[in-house]
**Student:** 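Handing you a structure now.
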Amino acid sequence: QKEVEQNSGPLSVPEGAIASLNCTYSDRGSQSFFWYRQYSGKSPELIMFIYSNGDKEDGRFTAQLNKASQYVSLLIRDSQPSDSATYLCAVNNGANNLFFGTGTRLTVIP
Amino acid sequence: DGGITQSPKYLFRKEGQNVTLSCEQNLNHDAMYWYRQDPGQGLRLIYYSQIVNDFQKGDIAEGYSVSREKKESFPLTVTSAQKNPTAFYLCASSIDRSTEAFFGQGTRLTVV
């Protein structure tokens with residue numbers, strides 16, 4: 001079982017819709033959870049982090065964490081074509097090792 | 001401006017050569033990392049360092065070597081023992097291993 005799993009997509013949503021990206025992790029001791037956005041040919045950039053159960057909102061982005069289900073998600077409201085990228089989920093497990101998922105490719109259709 | 005600088009952006013290597021990728025940060029971060037990314041794949045950890053003069057192997061360390069003589073610098077050498085080195089190499093740093101990592105712009109290595 002992989003430490004962090006994501007649906008590779010591609011996920012296509014129309015402009016203005018909500019994009020929902022999901023991630024599961026295997027280590028129940030995991031403490032920190034991160035979402036990175038990576039445009040083609042570029043390096044990942046941090047867009048959200050979450051440490052506690054529940055929702056965390058930042059502009060059009062909402063991160064959701066459910067430690068009981070070992071599940072973390074990212075919602076993008078009012079999706080824009082500029083949101084088209086690969087989204088990487090990263091989890092810091094109980095042993096302070098940071099694991100990345102393989103990423104979900106999102107396409108926002110104008 | 002604070003940040004992480006990787007150089008060069010593109011690098012071509014002949015088979016059998018060693019090459020060194022540079023990574024410098026001025027964020028005063030203790031932890032630094034090297035990741036490899038292949039097309040359509042996630043990030044795989046090569047090496048990481050939590051403090052000067054100390055580093056640990058990641059998941060795919062074979063064929064690579066690193067040094068951490070200064071807090072700001074964490075160069076990666078891709079040796080001739082690495083059989084399939086063509087990839088996108090990313091350097092990152094963080095305050096410590098429990099906090100978010102920030103990435104440099106990457107080095108694209110191609111074997112010719």
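First the proteins, then the strands, lettered A, B, ... as listed; each starts at 1.
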**Student:** Tell me, side chain or backbone of B:Tyr48 under 4.5 Å from chain A's heavy atoms, or both, or neither?
**Tutor:**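 Answer is side chain: those atoms of B:Tyr48 sit under 4.5 Å from chain A.
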**Student:** Might you confirm whether atom CZ of A:Arg105 has over 12 heavy atoms from other residues, nucleotides or ligands at distances under 6.0 Å?
**Tutor:**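 12 or below, so no.
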**Student:** Are A:Phe61 and A:Trp35 joined in one hydrophobic group, where the rule is that I, L, V, M, F, W and Y side chains link up if heavy atoms are under 4.5 Å apart?
**Tutor:**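 Same cluster: A:Phe61 reaches A:Trp35 through Ile, Leu, Val, Met, Phe, Trp or Tyr contacts under 4.5 Å.
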**Student:** Quick check: under 4.5 Å, non-hydrogen atoms only, which of residues 103-112 of chain B neighbour chain A?
**Tutor:**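 The stretch touches chain A at B:Phe103, B:Gly104, B:Gln105, B:Arg108.
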**Student:** Can you establish whether the number of heavy atoms outside A:Ile109 located under 6.0 Å from its atom CD1 is more than 12?
**Tutor:**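 Check passes, neighbour count above 12.
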**Student:** Locate the shortest heavy-atom distance separating A:Tyr36 from B:Glu100; write the atom from each residue and the value.
**Tutor:**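 Between these two residues, the closest heavy atoms are OH-C, 4.0 Å.
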**Student:** Under 4.5 Å heavy-atom distance to chain A, tell me which part of B:Gln6 shows up: side chain, backbone, both or neither.
**Tutor:**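 For B:Gln6, no heavy atom lies under 4.5 Å from chain A.
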**Student:** Tell me whether B:Phe74 shares a hydrophobic cluster with B:Phe102, the cluster being built from Ile, Leu, Val, Met, Phe, Trp, Tyr side chains joined at under 4.5 Å.
**Tutor:**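 The answer is no; the residues belong to distinct hydrophobic clusters.
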**Student:** Counting neighbours of CD on B:Glu62 that are heavy atoms of other residues, nucleotides or ligands and sit closer than 6.0 Å, is the number greater than 12?
**Tutor:**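 No, CD of B:Glu62 has 12 or fewer neighbouring heavy atoms, counting only those of other groups under 6.0 Å.
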**Student:** With heavy-atom distances below 4.5 Å as the criterion, would you say the side chains of A:Phe34 and B:Thr99 are in contact?
**Tutor:**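 A side-chain contact under 4.5 Å is absent here.
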**Student:** What part of B:Ala101 gets closer than 4.5 Å to chain A, counting heavy atoms only: side chain, backbone, both or neither?
**Tutor:**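 Contact with chain A is through both the backbone and side chain of B:Ala101.
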**Student:** B:Leu90 versus A:Pro44: any side-chain heavy-atom pair under 4.5 Å?
**Tutor:**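 Yes, their side chains come closer than 4.5 Å.
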**Student:** In the structure I gave you, are the side-chain heavy atoms of A:Phe100 and B:Arg44 within less than 4.5 Å of one another anywhere?
**Tutor:**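 No, their side chains stay 4.5 Å or more apart.
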**Student:** In the single-linkage hydrophobic clustering (I, L, V, M, F, W, Y; side-chain heavy atoms under 4.5 Å), do A:Phe33 and A:Ile76 co-cluster?
**Tutor:**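 In one cluster: yes.
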**Student:** Under a single-linkage definition using a 4.5 Å side-chain heavy-atom cutoff for Ile, Leu, Val, Met, Phe, Trp and Tyr, are A:Leu74 and A:Tyr25 assigned to the same hydrophobic cluster?
**Tutor:**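 A:Leu74 clusters together with A:Tyr25.
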**Student:** Consider only side-chain heavy atoms of I, L, V, M, F, W and Y, link residues closer than 4.5 Å, and tell whether A:Ile50 and A:Phe99 are in one cluster.
**Tutor:**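 Yes, one cluster joins them.
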**Student:** Relative to chain B, which segment of A:Gln38 carries a heavy atom at a distance below 4.5 Å: side chain, backbone, both, or neither?
**Tutor:**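 A:Gln38 touches chain B through side-chain heavy atoms alone.
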**Student:** In terms of heavy-atom proximity below 4.5 Å to chain A, should B:Leu45 be classed as side chain, backbone, both, or neither?
**Tutor:**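 When you check distances to chain A, no heavy atom of B:Leu45 falls under 4.5 Å.
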**Student:** Report the distance from atom CG of A:Leu46 to atom OG of B:Ser94, rounding to the nearest 0.5 Å.
**Tutor:**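 The CG atom of A:Leu46 sits 11.0 Å away from the OG atom of B:Ser94.
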